[in-house]
Every structure is written in C-alpha cells, then in structure tokens.
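These notes concern the structure reproduced below.
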Amino acid sequence: MTADPWQLLPDLSQEDFAALKADIAAHGVRVPVVVDAGSGAVVDGHHRIRAVEELRHEGVKVDYPRQAVAFRDDDERVGFVIGANLFRRHLTRAQRAEVVGRLREQGWSLRRIGEAVGADVATVHRDLGIVASATIPERVERKGGGTYPARRPVAAPSVFVRSARDEARAREALGTLGEDAPERVLDLRDVERRARKAGYERLRAQTAPLDQAEGRAWELRCGDFAEVLCDIPAGSVDLVFCDPPYVVEFGDRWADLSEVAARILAPGAAAVFYTGHHNMPEVIEQLGAHLTWLWHVAIVQSGHESRMNAPQIHNGHRDLLVFTNGRYRPRRWMRDTVTSAAADKALHPWQQAADPARYLIDVLCRPGGLVVDPCCGAGTFGVAAVSAGRRFVGADIDPVTIGIAARRIEGAEAEGNGAAS
C-alpha cells in the first residue's frame with residue numbers, strides 16, 4: 001500500500017478490510033490516524049483512511065480523528081507502527097506477556113511498553129510476573145552501532161485531534177516547539193500555549209530593544225506612562241485606549257491612569273480600559289477619581305472560555321470599562337457587545353484581539369484623531385489605530401516590547417500607504 005520505510009506489516013486481507021470498513025460505517029473511526037508532525041505523512045492508519053474514502057464515495061458521512069506525533073527518526077516510527085498493530089491484534093495474555101518481557105529486556109520503560117501493547121502500567125507489572133524475570137540492561141545497543149542508557153525517555157510528543165484543521169494546528173505547534181516539546185501526549189490547547197510562549201521568547205531574543213520609535217503617524221516611548229506622556233498637550237487626545245496589567249502590583253496606578261487620561265483627553269472624549277473580573281470594583285473606583293463613568297462593553301470570544309475556580313464560573317467574555325472626560329459627546333451609536341476570536345498571544349502574553357479595538361477606535365475617535373495607549377505592549381491598539389487612519393502614541397516600560405510594537409506598526413503603516421496609492 002505504501003513505500004514508507006516504517007511500514008513493515010502486510011496489508012489487511014480483503015476479508016479483514018471489509019470487516020474494518022463495515023465497523024467504521026456503523027461506529028465511525030475509533031482509533032486515531034497517526035501522522036508525522038513534521039512531514040504530515042501518514043505513519044499508521046492507511047487502511048482506515050482507505051475505508052473512509054470508499055465510504056464517502058458511497059455517500060456515507062464519516063471522518064477520522066488524528067494524532068500528530070513528533071517522531072525523531074524512522075526507528076521511532078517503526079516502533080510505533082509495530083506497537084500499534086500489536087495492540088490491534090487479539091493477543092492472548094501469555095502472548096502479550098512475552099512481548100512485554102522482551103521489550104522490558106530491551107530497556108523500555110513500563111509506560112512505553114504499556115503504550116505499545118495497549119495496557120496500563122499496572123497490567124504491564126502483572127504481565128512481567130508471568131514471564132521469567134526480565135531485567136533492564138545498563139545500556140541498550142543502538143541501531144548502526146553504539147549504545148545509549150536504557151532508561152532514557154523515548155516517548156514521542158503527540159497531540160490527539162479530531163479534524164484536518166486541528167491536525168494542521170497541532171503540527172504547527174509541535175514544529176514551533178521542536179526538541180522542546182514534552183515527550184508525552186499533549187492537549188491541543190496546551191501544546192499551542194507552549195508554542196506561543198516559545199515563539200514569544202524567540203521573538204524577544206531576536207528583537208533589538210528601543211527607547212523610542214516613530215513613523216509618519218505614530219510614536220512609541222519607553223518608560224513609565226506618567227513620565228513619558230507628560231509633554232502631550234492638555235485636551236489634545238481624542239481617545240485613550242489601554243490594556244493595563246491586571247496584576248496586584250499595578251495597585252493604585254489605575255488612579256494615575258485616570259489622572260493622565262483626564263489631562264490629555266479633549267472634553268467629552270472617551271477612555272477605554274480592559275480590566276480583569278476580580279478587582280473590577282476597585283478599578284472602577286480609581287478610574288472614577290478623575291474621569292466620568294459611561295458604560296461597560298463585553299467582548300465575547302467565540303470558542304474561548306476560561307474557568308474562574310474560586311466562584312466556579314465559566315467565563316467567555318472580556319470586560320472593557322468606558323469613561324469620559326466630563327460630559328460624553330458621542331460621535332455615533334456604539335454597540336456594548338462585540339464578538340471576536342480569541343487573541344493568539346504570539347507577540348505578547350497579554351496580547352488582545354485586534355478586531356474589537358478597530359471597531360471601538362472607529363466609533364470613538366474621529367478620522368485623523370489621536371489615540372493614546374499608556375500601556376501599549378506589543379502595539380495591537382497602535383496597529384488598529386494606524387490601520388484606521390488615526391494617529392497613535394504608545395508607551396511601555398519594556399524596551400524589547402517597544403521594538404516588537406515598532407515593527408508591527410511600521411508594517412501596518414506601510415500596508416496602509418500601499419493601499420492608498
């Protein structure tokens with residue numbers, strides 16, 4: 001069926017394939033198809049794929065789950081294929097125990113043996129009691145010469161998914177992690193979170209720190225917002241749009257944000273602040289020291305939900321607090337519920353989705369107006385402002401983050417100029 005070097009087992013007989021196809025038609029594919037995370041090649045599951053394709057041709061709606069595995073070499077692929085097929089053969093306990101004993105003598109861990117023969121660690125322990133005492137050698141002979149420690153962990157990182165789309169996500173995340181991927185089965189959300197963190201750390205290592213940066217319609221300043229924004233003329237800003245840190249250490253800086261915003265905002269202009277759920281009453285009180293409360297906006301993130309363990313609440317939205325500098329002067333109607341995909345956080349751990357920012361900037365700030373973000377992070381709100389034809393000034397205490405933001409906003413400005421021409 002395939003010329004892949006790790007496919008050592010014969011094809012199923014016509015009778016066995018017909019039985020497999022009938023079972024899939026009745027119950028679906030119950031064992032995931034295994035693909036190599038690097039190349040996308042099918043390592044195990046050719047017969048299941050063939051059965052699914054034939055059933056689809058016959059009008060049966062069926063798909064198959066996937067498991068993307070980051071194999072290190074062909075030896076691991078061969079071991080996986082043999083182990084997986086041994087599991088699907090109906091071995092007697094004595095036959096399985098014989099396999100377990102041989103694998104144990106070759107230095108396999110109990111966990112790896114269990115994965116190969118389809119048994120838990122406790123069952124592997126019991127099987128070892130049936131055969132003659134199996135001991136682990138100090139070192140195992142390597143194919144092609146040389147040896148390695150017998151107790152070396154050899155499980156490959158893998159991710160179970162249920163669609164081709166999620167398979168692509170898993171492969172991309174495992175590729176980003178490379179050798180840093182944990183050698184175990186991972187949840188898709190977990191492996192993507194690890195990949196984002198690894199990608200962000202690499203991005204920081206590749207980005208030169210900047211004390212300041214500017215373009216035709218934007219400027220970034222590194223330092224405490226209360227200091228680096230002090231030269232912005234009073235009443236000159238059309239919108240303050242900010243996602244401050246939610247950490248306890250930020251403390252009474254919310255009141256400082258309120259004071260800075262009240263000084264630089266034009267009369268009747270708005271200030272929008274992301275905030276966490278737990279300390280919202282204190283945040284509202286501090287922001288109200290110099291600003292006037294207007295409204296609350298909820299960003300509903302489709303397909304994304306977090307758990308608030310203490311109150312036992314499943315949370316599916318982000319909170320934005322809207323204040324104004326005195327009596328509000330609306331430009332147009334504003335929706336207080338915005339639907340958005342979750343931010344990927346590839347450029348900053350606190351990165352927010354761009355779409356809600358684009359919408360609110362368009363509603364609350366006049367064309368050509370000035371948007372200020374006192375805690376700009378990786379510059380998402382700067383990208384949204386410049387893309388919408390607004391001017392932007394951002395501040396952040398991290399010079400590397402300023403460098404990341406500058407690169408993004410430069411790209412948004414260049415793209416906008418290209419579209420205009």
Side-chain angles (χ1 to χ4, degrees), residues 224-226 229 237 239-265 269-302 304-325 328 334-345 347-361 363-365 371-382 384-385 394-398 401 405:
D224 186 280
F225 63 83
L229 300 179
V237 174
L239 173 65
V240 169
F241 203 102
C242 185
D243 179 25
Y246 304 161
V247 295
V248 175
E249 290 78 3
F250 198 66
D252 58 4
R253 298 309 307 278
W254 291 95
D256 295 338
L257 277 175
S258 175
E259 182 176 4
V260 169
R263 184 187 68 80
I264 64 177
L265 279 172
V272 179
F273 303 92
Y274 277 79
T275 184
H277 301 283
H278 294 294
N279 63 337
M280 191 182 299
E282 294 84 354
V283 169
I284 292 175
E285 181 181 1
Q286 291 193 43
L287 289 175
H290 303 278
L291 296 169
T292 302
W293 165 261
L294 176 65
W295 210 252
H296 168 249
V297 174
I299 299 177
V300 180
Q301 297 182 333
S302 55
H304 178 77
E305 191 175 80
S306 57
R307 293 163 60 97
M308 304 295 178
N309 291 323
Q312 296 187 346
I313 293 174
H314 292 280
N315 173 53
H317 77 281
R318 304 303 306 271
D319 290 302
L320 280 77
L321 307 178
V322 185
F323 285 77
T324 61
N325 184 21
Y328 180 48
M334 176 180 68
R335 298 194 305 270
D336 66 0
T337 302
V338 181
T339 301
S340 170
D344 62 13
K345 301 189 184 300
L347 301 173
H348 195 281
W350 300 336
Q351 184 177 342
Q352 299 293 353
D355 288 345
R358 293 191 188 101
Y359 169 72
L360 292 169
I361 288 172
V363 170
L364 296 171
C365 180
V371 180
V372 172
D373 182 354
C375 306
C376 69
T380 296
F381 303 154
D396 198 275
I397 60 173
D398 181 3
T401 297

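Computed from heavy atoms alone, side chains included, the values below leave out hydrogens, waters and symmetry copies. Because the structure is predicted, anything quoted here is derived from the model rather than measured.
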Check [X] against [Y] and note the closest heavy-atom contact, atom names and distance.
X	Y	value
D373	C242	OD1-CA, 3.5 Å
Q286	A255	OE1-N, 3.1 Å
A270	L265	O-CD2, 3.5 Å

- prompt: Between L320 and F241, is a side-chain contact (heavy atoms from CB on, under 4.5 Å) present by the stated rule, with each step listed?
  reply: CA-CA 10 Å; L320 280 77; F241 203 102; 4.2 Å; yes
With rounding to the nearest 0.5 angstrom, report the [atom1] to [atom2] distance, [X] to [Y].
X	Y	atom1	atom2	answer
I284	L291	CD1	CG	12.5 Å
E259	I264	CD	CD1	11.5 Å
D243	R318	CG	CZ	6.5 Å
C375	D398	SG	CG	12.5 Å
Y328	M334	OH	CE	5.0 Å

field: H296 and D319: side chain donor to acceptor below 3.5 Å
entry: yes
task: Walk me through it: do L287 and F323 pass the test side-chain contact (heavy atoms from CB on, under 4.5 Å)?
output: CA-CA 8 Å; L287 289 175; F323 285 77; 3.6 Å; yes
message: Is there a side-chain contact (heavy atoms from CB on, under 4.5 Å) between V297 and T337? Walk through the geometry before answering.
response: CA-CA 6 Å; V297 174; T337 302; over 6 Å; no
query: Would one find more than 12 heavy atoms of other residues, nucleotides or ligands at under 6.0 Å from atom CD of E282?
result: yes
- prompt: Would you find more than 12 non-hydrogen atoms of other residues, nucleotides or ligands less than 6.0 Å from W293 atom CH2?
  reply: yes
Could you tell me if the side chain of [Y] sits less than 4.5 Å from the side chain of [X], heavy atoms only?
X	Y	answer
R335	Y359	yes
L321	M280	yes
F273	W254	yes
F225	D256	yes
Y274	F381	yes

field: SB check D224 R253 (cutoff 4.0 Å)
entry: yes
- request: Measure from the side-chain N and O atoms of T401 to the backbone N and O of A378, and report whether any donor-acceptor pair falls under 3.5 Å.
  value: no
task: Determine the sole option in I361, V240, V272 for which the side chain to side chain contact (heavy atoms under 4.5 Å, CB included) test with V371 is passed.
output: I361
